[in-house]
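Just below is one structure, and these are the notes that go with it.
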Amino acid sequence: MTAASSYERIYAVVRRIPKGRVATYGQIAELAGLPRQARQVGYALAALEDTRVPWHRVLNARGEISARSDPGPERLQRALLEREGVRFDGQDRVALARHLWQPRVRRR
DNA sequence: GGTCTGACTAGGT
DNA sequence: AACCTAGCCAGAC
């Protein structure tokens with residue numbers, strides 16, 4: 001599996017996240033057929049340039065916007081989510097029980 | 001080909 | 001619930 005094809009699989013899943021919902025890195029990895037590669041999801045999104053991929057809907061397992069080694073995008077990410085109606089609590093966390101995307105199982 | 005790095009996580013305290 | 005730690009694993013040197 002090349003890095004490029006892994007990234008494409010990841011983007012394909014992220015594109016399915018509906019507006020107003022969120023998913024976790026681990027969840028995306030699993031759905032992309034890349035179990036235990038949650039970190040790769042973050043790297044793939046960091047390398048992203050295609051604005052059609054809703055990268056901002058991906059949060060960590062605690063419902064937080066993950067801190068970047070190079071800070072900056074976090075504020076935009078939050079603004080984009082709030083614009084879609086996603087609410088944050090007083091600890092900058094999203095209630096996953098309420099906003100987590102729960103895709104219907106796919107068949108071939 | 002060993003080492004280091006990191007938009008991650010699950011589990012223990 | 002916050003904080004640590006160990007485990008994880010592909011990419012870049």
Side-chain angles (χ1 to χ4, degrees):
Chain A
M1 173 84 58
T2 67
S5 63
S6 292
Y7 281 15
E8 284 310 314
R9 295 172 67 155
I10 289 166
Y11 298 152
V13 175
V14 174
R15 277 195 297 266
R16 293 172 50 206
I17 308 173
K19 179 173 149 190
R21 315 222 57 175
V22 300
T24 68
Y25 295 97
Q27 180 185 8
I28 296 301
E30 188 71 35
L31 290 170
L34 303 167
R36 295 178 297 289
Q37 292 182 216
R39 299 185 114 130
Q40 295 307 119
V41 174
Y43 304 151
L45 296 181
L48 192 61
E49 297 190 6
D50 187 340
T51 55
R52 294 171 302 177
V53 179
W55 55 272
H56 61 284
R57 297 179 187 145
V58 185
L59 305 176
N60 65 32
R62 303 184 340 191
E64 303 167 322
I65 288 174
S66 284
R68 316 294 202 270
S69 57
D70 184 6
E74 295 92 330
R75 289 185 59 85
L76 170 61
Q77 182 169 9
R78 176 159 177 158
L80 290 171
L81 285 173
E82 293 185 321
R83 183 180 303 174
E84 313 186 332
V86 175
R87 311 273 290 279
F88 287 76
D89 64 19
Q91 291 178 122
D92 302 322
R93 279 199 291 242
V94 166
L96 293 182
R98 192 169 90 182
H99 288 104
L100 190 68
W101 174 44
Q102 298 177 317
R104 301 201 316 174
V105 287
R106 292 219 141 181
R107 299 181 185 69
R108 292 163 285 158

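All values below come from the heavy atoms of this structure, side chains included, with hydrogens, waters and symmetry mates left out. In what follows, every chain begins at residue 1, and chains take the letters A, B, ... in the order their sequences are listed.
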Heteroatom pairs (N/O) under 3.5 angstrom, protein to nucleotides 3-6 of chain C:
none

Starting at [atom1] of [X] and ending at [atom2] of [N], how long is that distance when rounded to a whole Å?
X	N	atom1	atom2	value
Asp70(A)	dG6(B)	CG	P	12 Å
Ile28(A)	dT9(B)	CD1	P	10 Å
Gln37(A)	dG6(B)	CD	P	19 Å
Tyr7(A)	dG11(C)	OH	P	7 Å
Glu30(A)	dT9(B)	CD	C1'	13 Å
Gln40(A)	dT9(B)	CD	P	13 Å
Arg68(A)	dG6(B)	CZ	P	14 Å
Ile10(A)	dA7(B)	CD1	C1'	12 Å

_Touch class at under 4.0 angstrom, heavy-atom based, for Gln27(A) against every strand present_ =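 Contact class for Gln27(A): none.
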*asked:* What's Ala67(A) touching, base or sugar-phosphate or nothing? Going by heavy atoms closer than 4.0 Å.
replied: sugar-phosphate
Linked, directly or transitively: [X] and [Y] (ILVMFWY side chains, under 4.5 Å):
X	Y	answer
Leu45(A)	Leu80(A)	yes
Val22(A)	Tyr25(A)	no
Leu48(A)	Ile10(A)	yes

*asked:* Does Arg62(A) have more than 12 heavy atoms from other residues, nucleotides or ligands lying within 6.0 Å of its CZ?
replied: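 Not more than 12 within 6.0 Å, no.
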From [options], pick the nucleotide closest to the side chain of [X]?
X	options	answer
Gln77(A)	dG11(C), dA7(B), dA2(C)	dA7(B)
Ser66(A)	dT9(B), dA7(B), dC8(C)	dA7(B)
Tyr43(A)	dA1(C), dT9(B), dG6(B)	dG6(B)

*Could you go step by step and tell me if Leu34(A) and Val41(A) meet the side chain to side chain contact (heavy atoms under 4.5 Å, CB included) rule?*
CA-CA 9 Å; Leu34(A) 303 167; Val41(A) 174; over 6 Å; no
*Would you check if the side chain of Tyr11(A) reaches a backbone N or O of Ala44(A) as a donor-acceptor pair within less than 3.5 Å?*
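Yes: the side chain of Tyr11(A) pairs with the backbone of Ala44(A).
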*Under 3.5 Å, is there a donor-acceptor pair between the side chain of Gln27(A) and the main chain of Trp101(A)?*
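Between the backbone of Trp101(A) and the side chain of Gln27(A) there is a qualifying donor-acceptor contact (under 3.5 Å).
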*Option among Val58(A), Val53(A), Leu31(A) that satisfies the side-chain contact (heavy atoms from CB on, under 4.5 Å) test with Val13(A)*: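 Among Val58(A), Val53(A), Leu31(A), the one meeting side-chain contact (heavy atoms from CB on, under 4.5 Å) with Val13(A) is Leu31(A).
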*Hey, which of Glu74(A), Glu64(A), Arg78(A) is the one that makes side-chain contact (heavy atoms from CB on, under 4.5 Å) with Asp92(A)?*
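Exactly one pass, corresponding to Arg78(A).
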_Given the structure, check if the side chain of Arg39(A) and the base of dC8(C) hold any donor-acceptor pair shorter than 3.5 Å._
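Donor-acceptor pair under 3.5 Å: yes.
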*According to a strict under-4.0 Å criterion, is Ser69(A) in side-chain N/O contact with OP1 or OP2 of dA7(B)?*
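For dA7(B), OP1 or OP2 has a side-chain N or O of Ser69(A) closer than 4.0 Å.
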*State the OH-CG distance between Tyr7(A) and Asp50(A), to the nearest 0.5 angstrom.*
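Reported to 0.5 Å precision, the distance equals 15.0 Å.
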With 3.5 Å as the limit, what N/O pairs link the protein to nucleotides 10-13 of chain B?
none

